[in-house]
Protein chains: 2
Amino acid sequence: MAGRAAEPEVIWARPERAGRGPRPAYTRRDIADAAVRIADSDGLEAVSMRRVAAELGCGTMSLYNYVPRKEDLYELMVDAVSGEYDLPEKPSGDWRADMTALAHQTRALMYRHPWLARVMTTAYFLSPNALRYLDWCLGCLAPLDIEPGLKMQLIAMVNGTVMATVVNEQALAERARSLPWTEEQEQSVRAAYLARQAAGGRYPHLAELLAAPSVPVDPDEIFDMTIARLLESFAPPVTGA
Amino acid sequence: MAGRAAEPEVIWARPERAGRGPRPAYTRRDIADAAVRIADSDGLEAVSMRRVAAELGCGTMSLYNYVPRKEDLYELMVDAVSGEYDLPEKPSGDWRADMTALAHQTRALMYRHPWLARVMTTAYFLSPNALRYLDWCLGCLAPLDIEPGLKMQLIAMVNGTVMATVVNEQALAERARSLPWTEEQEQSVRAAYLARQAAGGRYPHLAELLAAPSVPVDPDEIFDMTIARLLESFAPPVTGA
DNA sequence: TCGTAGTTACGTACACCGTACGTAGTGCGC
DNA sequence: GCGCACTACGTACGGTGTACGTAACTACGA
């Protein structure tokens, strides 16, 4: 009975290589890399079990020996790119600087892999590289004397904030990618629509904003400011004297 | 020629009712409500064109008279639930209080509709209710004397932060929802795995954290703190005297 | 040493998906 | 009242995730 088990499980709890039987032709890493390659070049929606199998050169159903569900394929992908973090030998001692640098790395990672932010909405952070990342964060936060639970919250909020920022920045580009027109066309159509709506009088504040001469805002600056303030919100108040 | 157009377009730019021809049997609102009903009860993955059509009692392809692409169905859904915002007659004058209240409403909304946070990753905020929301936000921020572009960033960051928080809180529940086991089973399997990994010695800080007596952290408190700090990060420094 | 049980590989098949296309009927604008 | 743009929707196609069955293979227990 049973055959392929349907118990609650985490893919990382499975040994990569079982004792008996022929040795697997691929490693998890091979599979993850193939999927990442496809997602990077053709977008997340191009990542299908068939396509990944083809990229590897094996039969579709063979993949299910490695990956019980497609969802777990995403887990593999997140783990693979999480390996790109450059984590120094040891924390600097300045937890704010370390966490800020980490946030920048995450943002860069999400730009290198435009599908990452969206997938992270679905992944569960138990992979080896995710744990390595988490452990590193906790190491950075060692000098910070707050509840352990708070530290986890801090880490989650920093990651979440980066994710939110990037998702926001990428929404337009991502839509254009999967539709048969360019980002510029899309943008101009949206701008025109917005102007028309604002002119309708239903949205006076929006109209005012659109009418005002727009001074470009530097997203990097906002990003840094936000992360800085977020970190501050977790630090105990500096009660000098 | 052309038939159904494939130009770059926003669904909200299409008139809901065309001049000629028989009057449509449903409104956009009907369709959005049906989709929301399905997503609320059976999860986002249950929302298919066929299923929504069935819920409405019409043929599948009839839906395409109203919704050119499935993606636009999501747009309709977000618009529909965005209508649940309770926006007072006029801002209070205290923009921090107004934005904080709004953030709380958003969080509540995302708990009422567990699919919302994930879909917002994909939607584009040009719907009538989204514009109504945006305009209200800008009204709240009227007393705040900063660049208009910065105000948009502020709004985006507040929404993004709420989204990040909720996605983080819901990840586990969402996974359990779509798999044939309970959230408790999933949680215990994950906890066991985590403990095992921590015991392996590869993650010393994580091990330490898990060993420490855990004091429960109040997520609401963190949420409030984070939003407050975020708002502060956009306010000009209070240069008293 | 040799079954044999557990694995790997993978072809076939199924239910479901989004949606292109064609056709029939309806009612507004000219 | 003619014509045409619109609504309705059945059929069909190419894709998806994956259950299941089968054949080959290998490490372990006897």
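Model, not experiment: these values are computed from the prediction. Order of the sequence lines fixes the chain letters, A, B, ..., with proteins taken first and strands second; residue numbering starts at 1 for each chain.
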To the nearest Å, how far apart are [X] [atom1] and [N] [atom2]?
X       : N      : atom1 : atom2 : answer
A:Glu71 : D:dT18 : CD    : C1'   : 14 Å
A:Leu63 : C:dG11 : CG    : C1'   : 14 Å
A:Glu16 : C:dT8  : CD    : P     : 11 Å
B:Arg20 : D:dA8  : CZ    : P     : 17 Å
A:Arg14 : C:dT7  : CZ    : C1'   : 12 Å
A:Asn65 : D:dT22 : CG    : P     : 17 Å
B:Ile38 : C:dC17 : CD1   : P     : 10 Å

Can you give me the N/O atom pairs linking the protein to nucleotides 12-17 of chain D at distances under 3.5 Å, or say none if there are none?
| from | atom 1 | to | atom 2 | distance (Å) |
| --- | --- | --- | --- | --- |
| D:dT16 | OP1 | A:Ser48 | OG | 2.9 |
| D:dG17 | OP1 | A:Lys70 | NZ | 2.8 |
| D:dG17 | OP2 | A:Met49 | N | 3.0 |
| D:dG17 | N7 | A:Arg50 | NH1 | 2.8 |
| D:dG17 | O6 | A:Arg50 | NH2 | 3.1 |

Requested in this report: Only counting residues at least two apart or in another chain, list the ones meeting side-chain hydrogen bond (donor to acceptor under 3.5 Å, both in side chains) with B:Thr106.
Outcome: B:Tyr85

Kindly state each residue pair satisfying salt bridge (Lys or Arg N to Asp or Glu O under 4.0 Å) with at least one member in [range], sequence neighbours excluded.
range                       : value
residues 105-121 of chain B : B:Glu84-B:Arg112, B:Arg107-B:Glu169, B:Arg107-B:Asp220, B:Arg118-B:Glu174
residues 182-195 of chain B : B:Arg175-B:Glu186
residues 38-52 of chain B   : B:Asp42-B:Arg51

Query - Phosphate OP1/OP2 of C:dA9 contacted by A:Ser62 side-chain N/O (<4.0 Å) - result: no

Query raised in the report: Does A:Arg17 put a side-chain nitrogen or oxygen below 4.0 Å from OP1 or OP2 of D:dA27?
Result: yes

Query raised in the report: Looking just at side-chain N and O atoms, do A:Asp79 and A:Ser127 make a donor-acceptor pair shorter than 3.5 Å?
Result: yes

Requested in this report: Under 4.0 Å from any atom of DNA chain D, heavy atoms only: list the residues of residues 21-29 of chain A that qualify, in numerical order.
Outcome: A:Gly21, A:Pro22

Report task. May I have all residue pairs that pass side chain to side chain donor-acceptor pair (under 3.5 Å) and include part of residues 52-62 of chain A, sequence neighbours excluded? Result -> A:Arg37-A:Glu55

**Report entry** Contacts of B:Arg17 that satisfy side-chain contact (heavy atoms from CB on, under 4.5 Å) - sequence neighbours left out
**Finding:** B:Arg23, B:Pro24

Query raised in the report: Which nucleotide, D:dA8, D:dT18, C:dT8, lies nearest any side-chain atom of A:Arg69?
Result: D:dT18

Query raised in the report: Okay, side chain of A:Asp72, backbone of A:Val67: is any donor-acceptor separation there less than 3.5 Å?
Result: no

Requested in this report: Identify, with sequence neighbours excluded, every residue that meets ring-ring contact (aromatic ring centres under 6.0 Å, His included) alongside A:Tyr203.
Outcome: none

